[in-house]
Amino acid sequence: MKITEIEAFPLNLPMKQNFTISGGSVGDQQKGAPHVYIKITTDDRSQGWGEARPSNRWSYETIESVVSTINHYFKPILLGQNAEDIKNVHKLMNSEIKNGLTIGQPIAKAGIDTALHDLIGKHQKKTISELWFSKPKRSIGLSYLISTRNIQEAVQKANYAFENGYQGIDLKIGFSAGEDLGMVEAVKEAAPDLFFRVDANQGYTLSEAVKVSKGLEKLGVDVFEQPLKANDLLGHAELRRKTYVPIALDESIWTAGDLIQAIRLEACDTAVIKITKMGGLSGAKLCGEIAREANLDLLGGGLTESTLGLTASAHLFNYLGIDRPVDLNGPMFLEDDPVGEGPTIDEGNVLLNNNLHGIGCSIDTQKINRFRVEL
Ligand SMILES: [Mg+2]
């Protein structure tokens, strides 16, 4: 099966609520959110769809860089290659776009990787899990993401999550060490029994993180995610020695190599697995398996991908046996996306549609055209 065409579709998807992290807005109701859908075709006319969701306030990739990287760097070296040899595809992509401190342009690479998994699954008439010789459960529990600096709004959202069957809450903090604990306390009070993950997105200094962690201990927070800068593994190790709240690393871990460094330095209790930051399903699966073997806890997350990226992630998280509610919240923020048939997403759960092969989503090309933007 030789790759004969790779198409990247830059999309602006409408949002129904704003989404802000400590680095700034990653999408809002006025401007929408940048997504790139990738379609790969082979010489036997098989097709696969993948998704890249760049957030330039979260990492350095943009909608423009994803599309130009795919069109000008990946497409010329991948046309004619065997679609079923994903390892070789990554080798070629990694030689064309080299790493910096860690993998280069993983979000663009993830779009290609997920499209190939989809294509191979459809060609072999298998779901993603079946490609990995496994048959995990079909449903996965979701956590509800709260990103606001308004305590009243945060409490309303926590009440909503509790009343609508969500199994966990993911609260964005890292805005102000002095004020964040007030928000954490109010949310914990509103939804005391849900799994409670707080994510600072690199927002604190070490001394601020130590202070905040003491408050989180008292409030019974389950996990404290990425309090310090991504490259500060020694700082995270120091923080771990000073608190008993489990520390999760997200922006610090992009590759298996990064994860192994974090394990060597005892910098985390938990690894956050995300397919887009890890260059696709291949890299994220490897990281999840290493973290499991190292006896770390796993958290599943996303970069607010639409239904296509969410579904690919849900396959992997089920395969890895992640039983904590996962942070796959794109459709919670999006008004609409180009997926036609796909999983059933009720408030707190994703139920995979295993009658559909590959990732398990059909793509509505009319919607691709409607949401497509010129760069
Ligand atoms: Mg995070």
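Computed from a predicted structure; not experimentally measured.
Contact check on Lys188 versus Glu185 returns no salt bridge, with no Lys/Arg side-chain nitrogen under 4.0 Å from an Asp/Glu carboxylate oxygen. Taking 4.0 Å as the cut-off between side-chain N and carboxylate O, Lys211 and Glu208 do not count as a salt-bridged pair. The existence of a salt bridge linking Lys39 and Glu5 is excluded, since no basic side-chain nitrogen approaches an acidic carboxylate oxygen closer than 4.0 Å. Looking at Glu179 and Arg149, a side-chain N of the basic residue comes within less than 4.0 Å of a carboxylate O on the acidic one, giving a salt bridge. The existence of a salt bridge linking Arg197 and Asp222 is excluded, since no basic side-chain nitrogen approaches an acidic carboxylate oxygen closer than 4.0 Å. Checked for salt-bridge contact, Lys2 and Asp43 miss the test: no charged N lies under 4.0 Å from a carboxylate O.
Here the straight-line distance linking atom CG of Leu233 with atom CD of Glu238 works out to 13.5 Å at 0.5 Å rounding. From Leu142, atom CG reaches atom CD1 of Ile345 across 7.5 Å, with rounding to the nearest 0.5 Å. Separating the CD1 atom in Ile112 from the CG atom in Leu92 is a distance of 11.5 Å, to the nearest 0.5 Å. The distance from the CD1 atom of Ile77 to the OG atom of Ser95 is 5.5 Å, given to the nearest 0.5 Å. The OG1 atom of Thr307 lies 7.5 Å from the CG atom of Leu334; values are rounded to the nearest 0.5 Å. Rounding to the nearest 0.5 Å places CG of Leu310 at 9.0 Å from CD of Glu51.
Tyr60 and Ser65 share no side-chain donor-acceptor pair at under 3.5 Å. With 3.5 Å as the limit, one finds no donor-acceptor pair spanning the side chains of Arg53 and Ser306. At a cut-off of 3.5 Å, with distance as the only test, no side-chain donor of Gln226 or Tyr204 sits close to an acceptor on the other residue. Side chains of Ser313 and Glu305: no donor on one and acceptor on the other come within 3.5 Å. Side chains of Gln152 and Lys157: a donor-acceptor N/O pair is absent below 3.5 angstrom, by distance only. A side-chain donor from one of Ser46 and Asp44 sits under 3.5 Å from a side-chain acceptor of the other. Judged by distance alone, the side chains of Asn56 and Glu61 never bring a donor and an acceptor atom under 3.5 Å apart.
Between the His35 side chain and the Leu13 main chain, no donor and acceptor come within less than 3.5 Å of each other. No donor-acceptor pair closer than 3.5 Å links the side chain of Asn353 to the backbone N or O of Glu341. A donor-acceptor contact shorter than 3.5 Å links the side chain of Gln29 to the backbone of Lys16. Using a distance-only test at 3.5 Å, with no hydrogens or angles considered, no donor-acceptor pair links the side chain of Arg324 to the main chain of Leu299. Side chain of Asn12 to backbone of Lys31: a donor-acceptor contact under 3.5 angstrom is found.
Contacts of Asn349 classified as side chain to side chain donor-acceptor pair (under 3.5 Å), with partners at least two apart in sequence or in another chain: none. Not a single salt bridge (charged side-chain N to carboxylate O under 4.0 Å, His left out) links Glu84 to another residue, sequence neighbours left out. With sequence neighbours excluded, the residues satisfying ring-ring contact (aromatic ring centres under 6.0 Å, His included) with Tyr160 are Tyr144.
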Side chain to side chain contact (heavy atoms under 4.5 Å, CB included) between Ile63 and Val36: does it pass, once the steps are laid out? CA-CA 7 Å; Ile63 189 167; Val36 182; 3.8 Å; yes
Could you please spell out the steps behind the side chain to side chain contact (heavy atoms under 4.5 Å, CB included) verdict for Thr344 and Val350? CA-CA 6 Å; Thr344 310; Val350 177; over 6 Å; no
Take Asn201 and Lys172 through the test side chain to side chain contact (heavy atoms under 4.5 Å, CB included) and record every step on the way to the result. CA-CA 8 Å; Asn201 288 112; Lys172 292 291 185 189; 3.1 Å; yes
For the pair Phe195 and Val223, evaluate side chain to side chain contact (heavy atoms under 4.5 Å, CB included) and give the outcome as yes or no after the intermediate values. CA-CA 9 Å; Phe195 180 81; Val223 62; 4.0 Å; yes
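Residue pairs satisfying the side chain to side chain donor-acceptor pair (under 3.5 Å) criterion with at least one member in residues 108-118, sequence neighbours excluded, are listed as follows: His90-Asp113, Asn94-Lys109, Asp113-His117, Asp113-Ser282, Asp118-Lys122. Sorted by first and then second residue, the side chain to side chain donor-acceptor pair (under 3.5 Å) pairs with a member in residues 257-273 read Thr102-Asp258, Arg240-Asp269, Thr255-Asp258; sequence neighbours excluded. Contacts classified as side chain to side chain donor-acceptor pair (under 3.5 Å) and involving residues 356-373 (residues at least two apart or in different chains) are given here: Asp336-Lys367.
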